[in-house]
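In what follows, chains carry the letters A, B, and so on, assigned in the order in which the sequence lines appear, proteins first and then strands, with residues in each chain numbered from 1.
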There are 2 protein chains.
Amino acid sequence: MALRHAVLAALLDGEFSGYQLAKGFDIGVANFWHALPQQLYAELSRLEGEGLVAGREVVQEGRPNKRLFTVTDAGLAELESFAAAAAKPSFIRDDLLVKVQAVDGVDAAPVIAQLRERAAVAEAKTEVLGALLRRLRGDLDEDEFLRTGRRIGPYLTCLRGLAFERETREWCLRTADLLARRRAEAARGRAGG
Amino acid sequence: MALRHAVLAALLDGEFSGYQLAKGFDIGVANFWHALPQQLYAELSRLEGEGLVAGREVVQEGRPNKRLFTVTDAGLAELESFAAAAAKPSFIRDDLLVKVQAVDGVDAAPVIAQLRERAAVAEAKTEVLGALLRRLRGDLDEDEFLRTGRRIGPYLTCLRGLAFERETREWCLRTADLLARRRAEAARGRAGG
DNA sequence: TGTGACATGTAACGCGTTACATGATTTG
DNA sequence: CAAATCATGTAACGCGTTACATGTCACA
């Protein structure tokens, strides 16, 4: 049950509505955790019921009212005990890797196409993350920001996300090229020679 | 519902029992997909019911009987259509990253400890994966194996896993050191000066 | 004699996903 | 006039996790 903690961690940066959190426009959480709006609305209501966040209605004109949430002291305490508890090991869980695992037994063409598409997505994400990092550190260079900044958690998680996306891109491209070359070889083998 | 496909992909390498699959001793799947024994037993039974895998009872002496499974033609067709379908985007979902995200609001000490522990786990995993890669490619060097090998899917996914674990290790160590240095600084600041 | 590996399950629960529902306002 | 954005939910379903259950054999 880490979604609630991800929400609490995100709310350390200020007041947000469920809609805002869902958009992932905010800082970093979206890079390593993802949740659908319905989940967030439900989780925020539950957290409010337990007194871990406090919500306030903001009346708007020209658009629907919204509820902005902040972390309460009880919520901070909950985060504190979460952070101190043992972390579960993580692993990659990805459809595309399953497909590559099976690539010797199935047609490689769609797998190659998906690898290239994923590489493009990863590249786009590295740019978004790069821009986010620049925004977070402001005028400072990275070392100085990390030494003296007051809110470095989101920066650190963004760095992890950036490295992950870069690795993803490189592996996808390398793997796609390799599979494409093998297909070309095999076709040549069948044709003649 | 990719667990069934992960199972089918794993069974491309031969006959396995639920227990063997669960142990993850086998070929690579364990590096990017994880499932508990109960899940696998249930999934294998379901797959057998749908005719996507075929199981045969192996009577053993001195230990319990087991059921070994292989992929059927229908299973291969299922894998084929899975591989051709659009892949969902993946993302990291990790408790430890949530904790780092929140590190400005909570005590950093346990987070630092967990980062170092995770780094050690990641290092151990890189060694296991390295050994697995050597075993898979046999006498050939990597390039040659990847050009000419018949079963390269597991090798490619292991490469991804290896890169991931390396990145994880580096990031964890860097982050842990940084947080530790900040704590030391803060303590010095409070003490005197 | 007890711990761990081998081997396979059932049952309950909770989280995540998909589908559905509502309704105003801005933008093209 | 249609589509996207803002904004919040309910309901059903399925997968993943945790806890529980069973029994043999090897090894220390």
Side-chain angles (χ1 to χ4, degrees), chain A residues 1-8 15-26 29-30 32-50 53 55-69 82 85-95 98, chain B residues 1-8 15-26 29-30 32-50 53 55-69 82 85-95 98:
Chain A
M1 210 200 315
L3 171 59
R4 64 190 309 113
H5 300 115
V7 168
L8 290 171
E15 281 189 324
F16 295 104
S17 68
Y19 188 81
Q20 284 173 304
L21 290 174
K23 288 277 287 186
F25 87 98
D26 59 306
V29 195
F32 64 91
W33 201 275
H34 142 94
L36 297 167
Q38 302 92 307
Q39 249 179 299
L40 290 167
Y41 291 127
E43 195 62 51
L44 284 167
S45 294
R46 244 175 280 145
L47 287 168
E48 196 183 16
E50 296 171 36
V53 304
R56 64 183 185 96
E57 185 89 13
V58 175
V59 179
Q60 297 184 118
E61 305 205 1
R63 50 180 64 180
N65 295 346
K66 60 181 173 183
R67 290 197 300 148
L68 295 180
F69 295 91
F82 166 70
K88 300 174 192 171
S90 80
F91 47 88
I92 310 180
R93 188 178 268 184
D94 187 342
D95 278 11
V98 176
Chain B
M1 209 199 313
L3 172 60
R4 63 189 310 110
H5 300 115
V7 169
L8 290 171
E15 281 189 324
F16 295 104
S17 69
Y19 188 81
Q20 284 173 304
L21 289 174
K23 287 278 289 186
F25 85 97
D26 60 309
V29 196
F32 63 90
W33 201 275
H34 141 95
L36 298 167
Q38 302 92 307
Q39 249 180 299
L40 290 168
Y41 291 126
E43 195 60 53
L44 285 167
S45 294
R46 242 175 280 146
L47 287 168
E48 195 182 17
E50 295 171 38
V53 304
R56 64 183 185 97
E57 185 89 13
V58 175
V59 179
Q60 298 185 118
E61 304 206 1
R63 51 180 62 181
N65 296 347
K66 59 181 173 182
R67 290 197 300 147
L68 294 181
F69 294 92
F82 166 70
K88 300 175 191 169
S90 80
F91 46 87
I92 311 179
R93 188 178 268 185
D94 188 340
D95 278 12
V98 175

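Contacts of A/P37 classified as side chain to side chain contact (heavy atoms under 4.5 Å, CB included), with partners at least two apart in sequence or in another chain: A/A22, A/Y41. For A/D95, the salt bridge (charged side-chain N to carboxylate O under 4.0 Å, His left out) criterion is met by no residue, not counting sequence neighbours. B/Q39 is linked by a side chain to side chain donor-acceptor pair (under 3.5 Å) to nothing, counting only residues two or more places apart in sequence or in another chain. Residues satisfying the side chain to side chain donor-acceptor pair (under 3.5 Å) test with A/R67, not counting sequence neighbours, are A/E48. Looking at residues two or more places apart in sequence or on another chain, you find a side chain to side chain contact (heavy atoms under 4.5 Å, CB included) between B/R93 and A/W33, A/H34, B/F91. Qualifying side chain to side chain donor-acceptor pair (under 3.5 Å) partners for A/S17, counting only residues two or more places apart in sequence or in other chains: A/Q20. Partners of B/F82 under the ring pair (Phe, Tyr, Trp, His ring centres under 6.0 Å) rule, at least two apart in sequence or in another chain, are B/H5. Legend: residues meeting side chain to side chain donor-acceptor pair (under 3.5 Å) with B/R63, ordered by chain and number and at least two apart, are absent.
In this structure, B/S45 reaches neither bases nor backbone, as no heavy-atom distance under 4.0 Å exists between it and the strands shown.
Checking B/F69 against A/R4, the closest nucleotide of DNA chain C that is more toward the 5' end is the one next to B/F69.
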Enumerate all atom pairs, one protein N or O and one N or O from nucleotides 22-27 of chain C, separated by less than 3.5 Å.
residue	atom	partner	partner atom	Å
C/dT25	O4'	A/G62	O	3.4

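Comparing the end axes of the helix from C/dT1-D/dA28 to C/dG28-D/dC1, each fitted to five base pairs by superposing C1' atoms of four pairs onto the next four, gives an inter-axis angle of 40° (nearest 10 degrees).
Here the range on DNA chain D touched by chain A, meaning any atom under 4.0 Å from one of its heavy atoms, is D/dT5 to D/dT18.
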